[in-house]
Colleague: 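Okay, here's the structure, questions in a sec.
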Amino acid sequence: MIKKIIRTCTGWFRRFLKYWDLLVLLVQRDLKLKYRRSFLGYLWSVLNPLLSMIVMAVVFTRMFKRSIPNYPLYLICGNILFSFMRDSTNQALNSVIGNAALLKKTYVPKYIFTLSKITSCMVNFVLSLGALVIVMVATGQPFRWMNLLIIVPVVELYVFCVGLGLLLAAGTVFFRDIKNIWSVVTLAWMYLTPIFYSVDSFNNSKEKGVVSISTLGLIIRRFNPMYMYIQQFRYLIMQYEVALIEVPCNLLMWRGAVCAALMLIVGLLTFNATKNKFILYI
Amino acid sequence: MEQITTEQVRPKPARPEVVIRIKNASVRFNMAGEKVDNLKEFFIKLMKRELRFKEFYALKDINLVIQKGESWALIGSNGAGKSTLLKMICGILTPHSGTVEVKGEIAPLIELGAGFDPNLTAKENIFINGAILGHTRKFMREQYDKIVEFAELQDFMELPIKNYSSGMRARLGFAVATVTEPDILIVDEVLAVGDAAFQKKCRERIRELLNRGTTLLFVSHAKGPVMELCEHAVWLDHGEIKKIGATKHVYWAYEQHLKELEKK
């Protein structure tokens with residue numbers, strides 16, 4: 001039994017290595033095409049989050065500034081992570097049906113296309129960290145070695161998005177309207193994620209010095225994976241006394257890891273169970 | 001002593017090697033009365049209990065054994081199941097019942113432009129297409145000049161594929177697919193677009209590969225190339241093998257059948 005599992009795993013891994021070069025080439029293709037014929041090219045990956053941060057900062061400053069220290073940095077941390085999730089899953093949605101012509105003609109592991117989309121978004125995300133550094137310098141946020149630990153929430157988020165992307169890619173093959181539903185879901189998700197507000201704003205007012213957390217705030221803290229990744233990330237970048245947040249960073253890390261692993265398993269199982277039927281629907 | 005060694009070096013003529021073995025294979029499509037591909041319809045039909053699937057056999061009970069180095073033509077009218085059979089051999093479709101065993105590397109000649117990204121240049125597409133066929137980047141860099149030379153497109157490598165003509169794409173596709181000596185080469189009606197000189201060049205290349213032990217699966221409606229390249233033929237009709245054997249006989253029977261249809 002164990003031998004059988006090991007054999008299937010090594011077989012899978014060997015096939016993955018065989019198509020490693022394809023994965024690299026597909027990621028390169030996405031990056032090349034993204035900014036082909038644009039004057040500023042890759043600089044847009046830095047400028048884009050920077051500009052949207054400025055817009056959001058101007059719009060929301062009046063509402064939330066008082067309760068959140070270094071608001072521009074707070075914004076951009078949430079924004080780049082959430083945009084990565086939104087962009088990568090949206091592209092993953094189309095990854096199988098978009099390559100229908102190819103998949104009908106030749107055998108290629110189908111997950112390669114989904115994985116390549118999410119990976120190219122990840123590369124884009126790494127470039128956008130440049131914007132983060134600019135904001136940190138501009139707002140006088142000190143750099144610490146601890147900042148480098150952001151790799152933990154970023155890897156967790158990547159794994160989470162791979163799982164989610166596989167699930168969505170498989171789903172879209174059978175039901176094309178997932179595409180439309182998903183844009184609404186991500187919109188709702190964005191508002192339920194503390195990107196431009198603090199999750200503490202859901203707390204009920206202090207009574208006798210005891211802060212009670214409202215149900216919505218509790219749901220976001222416990223069940224919104226994006227909150228786990230964004231909050232970890234902010235903790236590592238800003239490390240300001242995370243005000244009222246009572247969940248320590250390492251607990252968020254464990255929860256985030258469990259979420260990512262679960263999502264990956266669900267995505268892989270769904271994709272694997274349905275992949276042989278794709279050809280009939282694409 | 002010497003004699004014995006030469007005996008050992010010589011390849012054994014007997015015991016041919018089977019590369020493709022298809023046993024009682026059927027491919028079934030679950031065709032919905034109308035294609036349901038969105039959630040709304042799916043749930044409405046589920047509620048109304050109208051979600052019935054019509055079974056449709058694209059291939060019925062196919063038995064086929066192909067040996068190394070043989071060349072096979074698949075003939076039959078449109079929708080007879082030729083492409084479905086090729087897809088099953090490639091591993092794109094899994095048979096509903098029966099088994100398909102394939103030994104060796106398959107190089108499908110990807111139909112016009114399917115494997116090409118129109119926005120990328122020809123050079124970039126060569127590498128992606130090679131990777132799709134399972135070649136490494138290093139290998140493709142080594143073979144790159146050979147591919148360009150065969151396709152005779154030296155001056156157009158930095159041009160995006162969307163500006164290519166269909167004939168030029170076919171040249172490029174053929175050049176990439178046949179750069180190695182694949183164990184099995186699948187040619188699905190892609191040669192028809194090239195000009196006469198290139199078609200001739202392709203046929204020569206295919207023959208060269210055949211001599212080196214490549215197995216060929218060839219789909220075409222044109223009589224000339226089929227007769228010229230293939231020793232064996234399979235005539236498919238409505239998903240069933242109607243006749244199988246030497247190309248001459250099978251093609252003759254197929255033509256008779258076509259004539260009869262015309263009379264009606």
Side-chain angles (χ1 to χ4, degrees), chain A residues 14-38 96-110 112-113 116 120 168 171-182 184-185 272-282, chain B residues 27-32 35-43 56 58 83-84 86-96 102 106-121 124-140 160 173 177 186 188 190:
Chain A
R14 204 172 299 138
R15 257 171 288 145
F16 176 72
L17 282 185
K18 193 183 166 196
Y19 287 97
W20 171 256
D21 279 46
L22 179 62
L23 184 65
V24 173
L25 284 166
L26 289 175
V27 172
Q28 278 177 1
R29 172 189 73 175
D30 288 344
L31 292 172
K32 267 184 205 160
L33 289 181
K34 190 169 171 134
Y35 296 120
R36 182 160 280 186
R37 295 215 180 80
S38 80
V96 172
I97 52 172
N99 287 294
L102 182 60
L103 292 172
K104 278 180 189 170
K105 286 291 158 193
T106 172
Y107 175 81
V108 186
K110 297 160 192 74
I112 290 281
F113 295 105
S116 78
S120 55
L168 289 168
T172 312
V173 172
F174 301 102
F175 304 109
R176 298 294 147 95
D177 39 8
I178 287 182
K179 219 187 294 183
N180 304 314
I181 296 169
W182 188 245
V184 181
V185 171
N272 217 26
T274 52
K275 66 179 179 189
N276 286 336
K277 287 189 206 149
F278 286 179
I279 184 78
L280 308 176
Y281 292 86
I282 56 179
Chain B
V27 171
R28 191 180 74 175
F29 290 142
N30 265 342
M31 294 292 251
K35 207 170 182 184
V36 179
D37 66 353
N38 63 65
L39 282 169
K40 187 189 77 189
E41 271 178 47
F42 181 80
F43 283 115
F56 167 74
S83 295
T84 310
L86 290 182
K87 279 177 191 170
M88 197 169 73
I89 292 170
C90 284
I92 301 167
L93 275 173
T94 40
H96 168 252
V102 177
I106 300 179
L109 257 194
I110 297 164
E111 205 175 80
L112 288 181
F116 292 139
D117 189 308
N119 291 313
L120 288 177
T121 66
E124 291 160 338
N125 267 308
I126 285 179
F127 281 88
I128 289 190
N129 221 336
I132 286 167
L133 297 176
H135 305 317
T136 61
R137 274 174 295 168
K138 185 168 163 274
F139 178 81
M140 289 307 287
I186 291 178
D188 191 354
V190 282

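Both backbone and side-chain heavy atoms feed into the values below; hydrogens, waters and symmetry mates do not. Naming convention: chains lettered A, B, ... in sequence-line order (proteins, then strands); numbering from 1 in each chain.
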Colleague: Would you call A:Val173 and A:Thr274 a side-chain contact if the rule is heavy atoms closer than 4.5 Å?
Modeller: no
Colleague: Given heavy-atom pairs under 4.5 angstrom as the criterion, report whether the side chain, backbone, both or neither of A:Ile112 touches chain B.
Modeller: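 For A:Ile112, no heavy atom lies under 4.5 Å from chain B.
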Colleague: Could you tell me whether the side chain of A:Phe278 reaches within less than 4.5 Å of the side chain of A:Leu103, counting heavy atoms only?
Modeller: no
Colleague: Answer with side chain, backbone, both or neither: which region of B:Thr94 has an atom nearer than 4.5 Å to a non-hydrogen atom of chain A?
Modeller: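 Side chain of B:Thr94 only, per the 4.5 Å heavy-atom cut-off to chain A.
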Colleague: Which atoms of A:Val24 come close to chain B, meaning under 4.5 Å heavy atom to heavy atom: side chain ones, backbone ones, both, or neither?
Modeller: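 The side chain, not the backbone.
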Colleague: So which pairs with a foot in residues 126-137 of chain B pass salt bridge (Lys or Arg N to Asp or Glu O under 4.0 Å), sequence neighbours left out?
Modeller: A:Asp21-B:Arg137
Colleague: Apply salt bridge (charged side-chain N to carboxylate O under 4.0 Å, His left out) to A:Lys32 and list each qualifying residue two or more places apart in sequence or on a separate chain.
Modeller: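 So A:Lys32 forms a salt bridge (charged side-chain N to carboxylate O under 4.0 Å, His left out) with B:Glu124.
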Colleague: Measuring heavy-atom distances to chain A, does B:Thr84 have an atom under 4.5 Å in its side chain, in its backbone, in both, or in neither?
Modeller: neither
Colleague: Shorter than 4.5 Å, heavy atoms on both sides: which option in A:Asn276, A:Ile178, A:Leu33, A:Ile181 has the most such pairs with chain B?
Modeller: A:Leu33
Colleague: Only pairs of heavy atoms separated by less than 4.5 Å count here; which of B:Leu93, B:Leu86, B:Ile106 has the most with chain A?
Modeller: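 Between B:Leu93, B:Leu86, B:Ile106, the count favours B:Leu93.
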Colleague: With respect to chain B, which residue among A:Leu22, A:Leu26, A:Thr172 yields the maximal number of heavy-atom pairs within a distance under 4.5 Å?
Modeller: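 Greatest number of close heavy-atom pairs with chain B: A:Leu22.
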Colleague: A side-chain contact here means heavy atoms from C-beta on lying under 4.5 Å apart; do A:Asn99 and A:Val108 qualify?
Modeller: no
Colleague: Would you indicate whether the side-chain heavy atoms of B:Asn119 and B:Pro160 approach each other to under 4.5 Å?
Modeller: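 Not in contact.
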